[in-house]
Structure formats: C-alpha cells, structure tokens
Amino acid sequence: MNEKKEFASYLKSQIGEDFSLEQIESLIEKPKQLHQGDLAFPCFQLAKIYKTSPAEIAYRLSASSLPSLFSKVETVGGYVNVFLDKKSAAAYLITNILKEQENYGSHLIGKNKTIVFDLSSPNIAKPFSMGHLRSTVIGSSFALISEKCGYDTVKINYIGDWGTQFGKLISAYLRWGKEERVKENPIPELTTLYVRFHEEADKDPSLNDEGRKWFKKLEDGDPEASQLWVWFKEVSLNAFQKIYELLGVEFDSYNGEAFFNDKMDATVKELTDKNLLELSDGAQIVSVGEDIPPCLIKKTDGATLYATRDLTAAIYRKNTYDFDQAFYVVGHEQSLHFEQVKRVLTKMGYDWSKNMHHVPFGLILQDGKKMSTRKGRTVLLETVLLDAIQLAENNIREKNPALLEVDEVARQVGVGAVIFHDLKNEKGNDVEFSLEQMLKFEGDTGPYVQYTAARIQTLLNKGPFNGQIPDEFSIAEESWEMISVLNDFPLIVQNAFLRKEPSIISKYILKLSHKFNHFYGSVKILNSDKTAERLALCASIQIVLKEGLRLLGIQTPKQM
Ligand code: ARG
C-alpha cells in the first residue's frame with residue numbers, strides 16, 4: 001500500500017530541498033513497539049543540519065494535516081510516528097492487489113539489465129543427480145524472482161558433454177556395447193559401460209591409452225568417434241528432457257562444454273599475449289594468488305580443461321549477452337574452481353568478472369548421508385519424480401475421491417512437493433529427502449500451500465466473488481495480521497532477489513497460508529454480512545499465494 005512512500009512525501013512537502021524523497025524513505029523505520037505506531041521518522045540527521053533539537057524538528061514536522069492513509073501522528077523523543085488508518089489502508093492495499101493481479105509485488109530495479117544464469121548443467125551419459133536437481137530448481141526460481149524484479153534473464157544449461165571420459169565411453173561401447181540396449185535404457189546402460197571400463201582398466205591399464213586415443217580422435221573430428229558422441233548426447237538429452245518436462249523448466253540455451261571447443265584457442269592465445277601463462281611440470285597454468293592453487297589451463301599433453309572451457313564460456317557470454325550479472329548455480333564443492341576462473345578473468349583485465357557470482361547450495365541427504373542417484377542400482381531422478389506423483393495421487397484420491405483431472409493435479413502436487421521441499425530451507429543448508437514428509441497436506445509443505453490456495457478458490461466459486469472491491473474495509477481490525485503480511489510481499493520479493501534466496505518466498509507463503517487457515521477456522525466467510533469484504537480479502541490472498549508458488553516454479557491446482 002506504499003505507506004512508506006506516502007509518509008515520505010508527507011515529510012518531504014515540509015522538509016523541502018534539504019533531503020531527497022529517497023533519502024527520507026530510506027530513513028523511515030518500523031517502530032519497535034506496536035503502540036508507537038506503524039512507521040517512524042528519526043529527526044537526528046535533520047537536527048544536525050538545522051542545529052536544533054530532534055524533538056523540536058519532530059514537533060514541526062508533525063504539524064500539517066495527514067494523508068488519508070494515516071489516522072494519527074505523534075512525536076516521541078525525536079521521532080515522528082504515524083499510525084495507519086487500518087480501514088483505509090486495508091481498502092487501499094486490497095484494491096491495489098486486485099487491480100494489479102499477478103503483477104503485484106513486481107519491481108523495476110532490473111529494467112534493461114540482463115542476468116545470465118548457469119544452471120542445471122548435467123553431464124551426458126551419466127544420471128541426472130540430486131545436485132543437478134537442486135541447481136535446476138534453485139536456478140529456475142531465482143531466474144523467476146529476477147524477472148519479477150524487472151531483469152531480463154538468459155538461462156543456460158551448460159551441458160557437460162566434453163572431456164576425456166567420452167574417449168573411455170566410446171572405447172567401452174565399441175568393446176561391449178549393444179545398440180538396442182542403449183536405445184532402450186540409455187543412461188543406465190551407458191553408465192554401466194563406463195563403470196565396466198574402469199573395472200577392466202584396473203586389470204589392464206592399456207585400456208586407458210585406448211580411451212585417450214579415442215578422445216584424441218574425437219577432438220580431431222574422426223567420423224566414427226563423432227557419430228557415437230552425437231548419439232550419446234542425443235539419447236542423454238532426451239532422457240533429461242523428460243525431467244525438465246515434469247519440472248516445467250525451459251532453457252534459453254543448451255550450449256555446453258563442447259560448444260567451446262573451437263573457441264578455446266583464442267582464450268589461450270589471449271592468455272599468452274597478456275603474459276599470464278606459466279609452465280609448471282609441463283602443464284600451462286595461471287597463478288591466481290598465494291591463498292589458492294593456480295588455475296590449470298592446459299595439461300602436459302596439451303589437452304584443455306574444465307577451467308579453460310569456463311573461461312572461454314564467460315567471455316563468450318559477456319560478448320553475446322552483455323550481462324549485468326552472471327550467476328553460476330552450482331554445488332559448494334566447485335567454489336574453488338569458480339574463484340580461480342574469476343581471478344584469471346580479473347588478471348586478463350576483465351573488470352566485469354566482479355559481476356560473476358557462484359551461487360552455491362548444500363547436499364540432498366537420505367538418512368543423514370549424501371543421497372546419490374549413482375551408487376549401486378542406478379535410481380534415476382525421473383523415477384523419484386514419478387514416485388512423488390504416484391504418492392500425491394494416492395493422497396488426493398483419499399482426501400477428495402470426487403476430484404476430476406486427477407492426473408494433472410497429481411503431477412502439480414507431486415512435483416510441487418519436491419520443489420517446495422528443496423526451496424523451503426536456506427539454499428546453503430543440506431536437505432533431508434523424504435517423500436512421505438514432503439507430500440503431507442499439513443505442515444510446512446508445498447501441498448499445504450497448494451491446498452490452501454485451492455480452498456480459497458472453492459470459497460471464491462461458492463461466494464461467488466464478483467470482483468467487487470469494498471470502499472471501506474470494516475473488517476480491517478480482525479484481518480490486520482494478514483493484511484500486513486500481504487503488504488510485505490513486494491519487499492519479500494526484493495529481499496529474495498538481493499539475498500539470492502528463494503526460501504524467503506517459501507517461508508513467506510507458508511506464513512500467509514498459516515494466517516489464512518487460522519482466519520478460515522475462526523470467522524464465517526460465506527453467508528455473513530461481511531462476505532463481500534472477506535471474499536475480496538480471500539481473493540487477494542489467493543493472488544499472492546499463487547504468485548509466490550509461481551516464483552518457486554510450482555503450479556497451483558484449481559481444486560485439490
Ligand atoms: N557439469 C558440471 C557438473 O555436473 C556442472 C557445470 C556447472 N557450470 C559451469 N559453468 N561450470 O559438475
């Protein structure tokens with residue numbers, strides 16, 4: 001409801017040119033205690049300019065008549081405190097939310113600026129891991145939050161599709177692979193071949209040379225090697241696509257590591273020209289400070305490395321997208337790598353490297369141990385998601401046997417539960433994975449928030465809510481807590497962006513859901529003389545819940 005802006009312009013009209021509107025706004029605080037009002041302006045800085053006491057200034061500033069949003073102004077020891085007029089404040093806010101709909105809470109701070117996201121980025125011929133799931137979910141949500149703050153975003157899935165392991169895989173496939181089996185079950189089959197290669201190479205190390213030979217061939221564009229690599233990539237991407245479809249995630253680019261093959265020479269040349277390369281035991285490195293190891297650019301045999309590709313990719317992205325910021329959503333374990341890459345770019349004279357940020361996150365645990373989709377039997381992430389959907393379906397059928405479109409709702413709830421569970425804790429923390437827990441309809445879960453939104457939808461249909469907005473909000477007092485939570489949404493969005501923390505949104509929609517469910521249990525919404533107002537309030541809550549879920553990458557079922 002912009003009470004801060006209103007209060008600031010009220011003060012500004014009296015302060016004049018000494019302070020700008022923004023300065024005034026940034027000084028406004030929330031009083032520590034409720035009885036001291038809703039907003040407070042400290043007069044200490046002004047007192048210094050005017051060489052008089054803060055109390056005197058506060059007294060003068062509180063003299064003119066208040067805007068209608070406020071009911072009362074008071075001065076307390078050098079502060080001007082104002083009290084919102086709850087009825088008009090609530091009416092103002094609700095009118096605004098219903099008018100702006102899903103645009104409520106949007107900002108323009110990122111207008112005409114681009115953020116490049118490096119997210120998901122699984123490795124071909126290997127299972128899509130829990131780490132990749134976190135990167136996908138956190139990265140997508142963060143991109144949606146950035147868009148809500150006005151930024152343009154570019155989401156890049158930097159597929160791991162290059163490196164010596166593909167020489168080994170080709171060699172393994174030619175020795176033991178069967179086309180049919182790979183076609184039927186690509187990822188588990190290719191993983192098995194790769195594992196077998198390592199087992200056999202332990203016994204017969206000459207296999208490693210064979211693997212290296214095939215990678216060399218691949219790098220030199222040998223047709224047989226290239227054809228197999230293209231095929232492995234295709235079947236892997238098809239398998240990953242199923243996961244992305246379930247999650248409802250899309251990317252703007254799939255330029256992975258291999259895309260930079262023919263672009264690395266230029267980077268190495270630039271490093272040479274800038275006198276940054278050093279020789280160390282035959283390898284080419286760049287020193288990046290005493291506190292961390294040097295960055296490896298070329299191995300003894302002349303092969304390029306992960307860092308060489310990331311350096312090249314960063315320069316390419318800057319040239320292509322002219323990004324304002326670049327975020328790499330990748331697990332903690334790669335912190336050193338990103339620090340090295342960033343420092344090399346700084347040494348190359350690229351000042352923009354300061355706008356590259358590694359956005360790390362914790363592990364997914366099962367029974368306290370790192371959850372792996374690799375160990376033993378390959379459990380695929382797709383299976384995990386399908387299990388979640390099945391469990392959601394069971395829960396829904398039990399709760400609401402008459403529900404239509406069960407399949408679609410089960411997908412929204414099952415997948416939403418997995419995403420919400422990931423995003424409800426600060427991203428740096430480890431997450432314990434438990435399908436039963438995350439699918440509960442009560443407690444701090446995705447289904448709970450979705451269920452709350454669906455419950456509101458039912459009320460709005462039954463009302464029915466005709467979109468009418470009351471001029472005066474007589475129920476402001478009974479619903480004030482919810483109104484002030486609703487009012488926080490724009491700030492919450494901004495904080496989530498600035499702190500790179502989607503959990504700020506999830507915690508917020510949980511809080512709003514709790515408050516609503518409490519309200520729902522304690523007042524009569526339908527068939528009361530306050531129904532119109534209460535439905536208008538419900539409709540605004542519904543808008544914010546739905547938008548909050550959307551920012552996490554979660555859909556809102558109409559019914560549950
Ligand atoms: N493919 C890598 C992995 O699975 C992650 C890539 C992260 N992004 C990057 N630009 N290095 O570990």
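Whatever order the structure lists them in is the order used to number ligands and atoms, beginning at 1. This chain uses plain numbering: 1 for the first residue, then up along the sequence. Bear in mind that the values here come from a model prediction, so they are computed numbers and not experimental data.
Between F166 and F232, the distance separating the two ring centers is not shorter than 6.0 angstrom. Here Y448 and H514 bring their ring centres to under 6.0 angstrom of each other. Taking the six-membered ring for Trp, F489 and Y508 have ring centres closer than 6.0 Å.
Contact atoms of ligand 1 toward N123: 1 (N), 2 (C), 3 (C), 4 (O) (distance under 4.0 Å to a heavy atom of the residue). Within the listing of ligand 1, atoms 10 (N) sit less than 4.0 angstrom from a heavy atom of Y328. Close contacts of ligand 1 with V330, meaning ligand atoms under 4.0 Å from a residue heavy atom, involve 7 (C), 8 (N). Of all atoms in ligand 1, listed by their number and element, those nearer than 4.0 Å to a heavy atom of Q334 are 3 (C), 12 (O).
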Under 3.5 Å donor-acceptor pairs involving side-chain atoms of residues 287-305, not counting sequence neighbours:
{"unit_1": "S287", "atom_1": "OG", "unit_2": "E278", "atom_2": "OE1", "d": "3.2"}
{"unit_1": "S287", "atom_1": "OG", "unit_2": "E278", "atom_2": "OE2", "d": "2.6"}
{"unit_1": "D291", "atom_1": "OD1", "unit_2": "R343", "atom_2": "NH1", "d": "2.9"}
{"unit_1": "D291", "atom_1": "OD2", "unit_2": "R343", "atom_2": "NH2", "d": "3.0"}
{"unit_1": "D301", "atom_1": "OD1", "unit_2": "A303", "atom_2": "N", "d": "2.9"}
{"unit_1": "T304", "atom_1": "OG1", "unit_2": "R309", "atom_2": "NH1", "d": "3.4"}

Pairs of donor and acceptor atoms involving the side chains of residues 240-248, under 3.5 Å and at least two apart or interchain, shall be tabulated with distances.
{"unit_1": "Q241", "atom_1": "OE1", "unit_2": "Y254", "atom_2": "OH", "d": "3.2"}
{"unit_1": "Y244", "atom_1": "OH", "unit_2": "S120", "atom_2": "OG", "d": "2.7"}
{"unit_1": "Y244", "atom_1": "OH", "unit_2": "N157", "atom_2": "ND2", "d": "2.9"}

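With 3.5 Å as the limit, one finds no donor-acceptor pair spanning the side chains of E189 and Y173.
The side-chain heavy atoms of F441 and N395, taken from C-beta on, include a pair separated by under 4.5 Å.
By the 4.0 Å N-to-carboxylate-O rule, E436 lies too far from K440 to be salt-bridged with it.
Between E257 and ligand 1, no pair of N/O atoms sits closer than 3.5 Å. Close N/O approach between H337 and ligand 1 is not found [any backbone or side-chain N/O within under 3.5 Å]. Below 3.5 Å of separation, one finds no N or O of R317 facing any N or O of ligand 1.
A heavy-atom separation below 4.0 Å is found between H132 and ligand 1.
At a 4.0 Å heavy-atom cut-off, ligand 1 touches F338 through the side chain alone. Here I159 has no heavy atoms under 4.0 Å from ligand 1, in either its backbone or its side chain.
Taking all heavy atoms of Y158, F128, Y306 into account, the minimum distance to atom 5 (C) of ligand 1 is reached by Y306.
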